[in-house]
Structures are given as structure tokens and as C-alpha cells.
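Step one of this worksheet: look at the structure below.
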Amino acid sequence: MALRDILIHPDPRLKRMADPVSEITADLERLADDMLETMYNAPGIGLAAPQVGVGARLLVMDCVKEEGAAPRPMVLINPEVTWASEALNTYEEGCLSIPEQYADVERPAEVEVAWTGLDGAAHSERFDGLWATCVQHEIDHLDGKLFIDYLKPLRRQMITRKMVKLKRERARA
Ligand code: NI
């Protein structure tokens, strides 16, 4: 396993629609392993392939927060929301591609998601709480959408300017 570099917004690769995965290859398995390691290392609770520069519909997540609880690493290939609750939930979201910026985002409180696993089998599960927010946030990444796209333009521009500055500083370092 290896850590991958996480792209920082703004980057055109974060704005593209990712391509469906047609075949589970050794490369894809390695990508999923690397993404999980990169996510845990960050640390974060979710990571989508476009964030490491790969335009494929694959995401990883683990929203287990309780101290001492067993981790639950999940790999979702070609995930799709098949049902969403009318009830909404607001979470203060962040993103590994937008470090240290957080904002309230309102999304369906519960969603049912269908996906293909690394085993090639079809899976479906209903998510609520933080898991529901996380899986929707990560699926958005596959559609080239960031959580700041839900914010008012002024706030979004302010965050984007901060990220441009951050990237400039990192490039200099
Ligand atoms: Ni994100």
C-alpha cells in the first residue's frame, strides 16, 4: 500500500464527471487500498478517486467514530443513490481537498445506496447519520461537485481564494 497525494481545490480534475468502472482489475484493487490508507492517514472519513487524480467512480469511507470500535473500511464502486428521505439533516462538512474549511450543508438524512464491491457483487445499504452525509458528499465528488458548491457564491469564493493561497504556499515550501 502507498499514500497518494490528495488534490487541493481548485483543480480541474475535481470538477470532472468520473467514468464508470467497467472491470475490477488489480490496479483498481491497489487504488482502493491506497485510498483507504491515504484516508486513514489524513485523517478523514471518506475519499473519492477524483481526489487522488483518478477519474473513476470509486470511493472509500469509514465513519466509525467511537473510540476503540472496530473500523469499517468500505469500498464502493459505481455507487448510486437509489432512495433519499424527505427528512433533511444538516452537518458541518469538511473535505480533504479543502483543508481546514468547514460549513453547514443540508442533505437528505437517510439514503439508500447501491454499488458494486471489490468482490464484484452488487451491494445495497441504507445509511443514516454521519454515514448518510459522508456517502452523499463522496458521490458528489464523482460528479465533479464539492460541498462548497452548496454555499452562497461569496462564501465559496472566499474559501477558494484561501485554497489558492494555500497551494501557492505549499508550492513554495
Ligand atoms: Ni470531500
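Atoms within each ligand, like the ligands themselves, are counted from 1 in listed order.
- Each of R57, K15, R16 was compared with D143 under the salt bridge (charged side-chain N to carboxylate O under 4.0 Å, His left out) criterion, and only R57 meets it.
- Residues passing the ring pair (Phe, Tyr, Trp, His ring centres under 6.0 Å) test with H141 are H137, sequence neighbours excluded.
- Here D140 pairs with R107 in a salt bridge; the nearest charged N to carboxylate O distance falls below 4.0 Å.
- Panel note: side chain K167, backbone I8; a donor-acceptor pair is recorded below 3.5 Å.
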Return all side-chain donor-acceptor pairs below 3.5 angstrom for residues 36-48, not counting sequence neighbours, or 'none' if the list is empty.
| from | atom 1 | to | atom 2 | distance (Å) |
| --- | --- | --- | --- | --- |
| E37 | OE1 | A2 | N | 3.1 |
| T38 | OG1 | R4 | N | 2.9 |
| T38 | OG1 | D34 | O | 2.7 |
| Y40 | OH | D62 | OD2 | 2.6 |

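- Within the structure, side-chain hydrogen bond (donor to acceptor under 3.5 Å, both in side chains) pairs that include any residue of residues 63-87 comprise R72-E125 (at least two apart or interchain).
- Here 3 is the count of protein N, O or S atoms positioned under 2.8 Å from the Ni ion (ligand 1), waters not counted.
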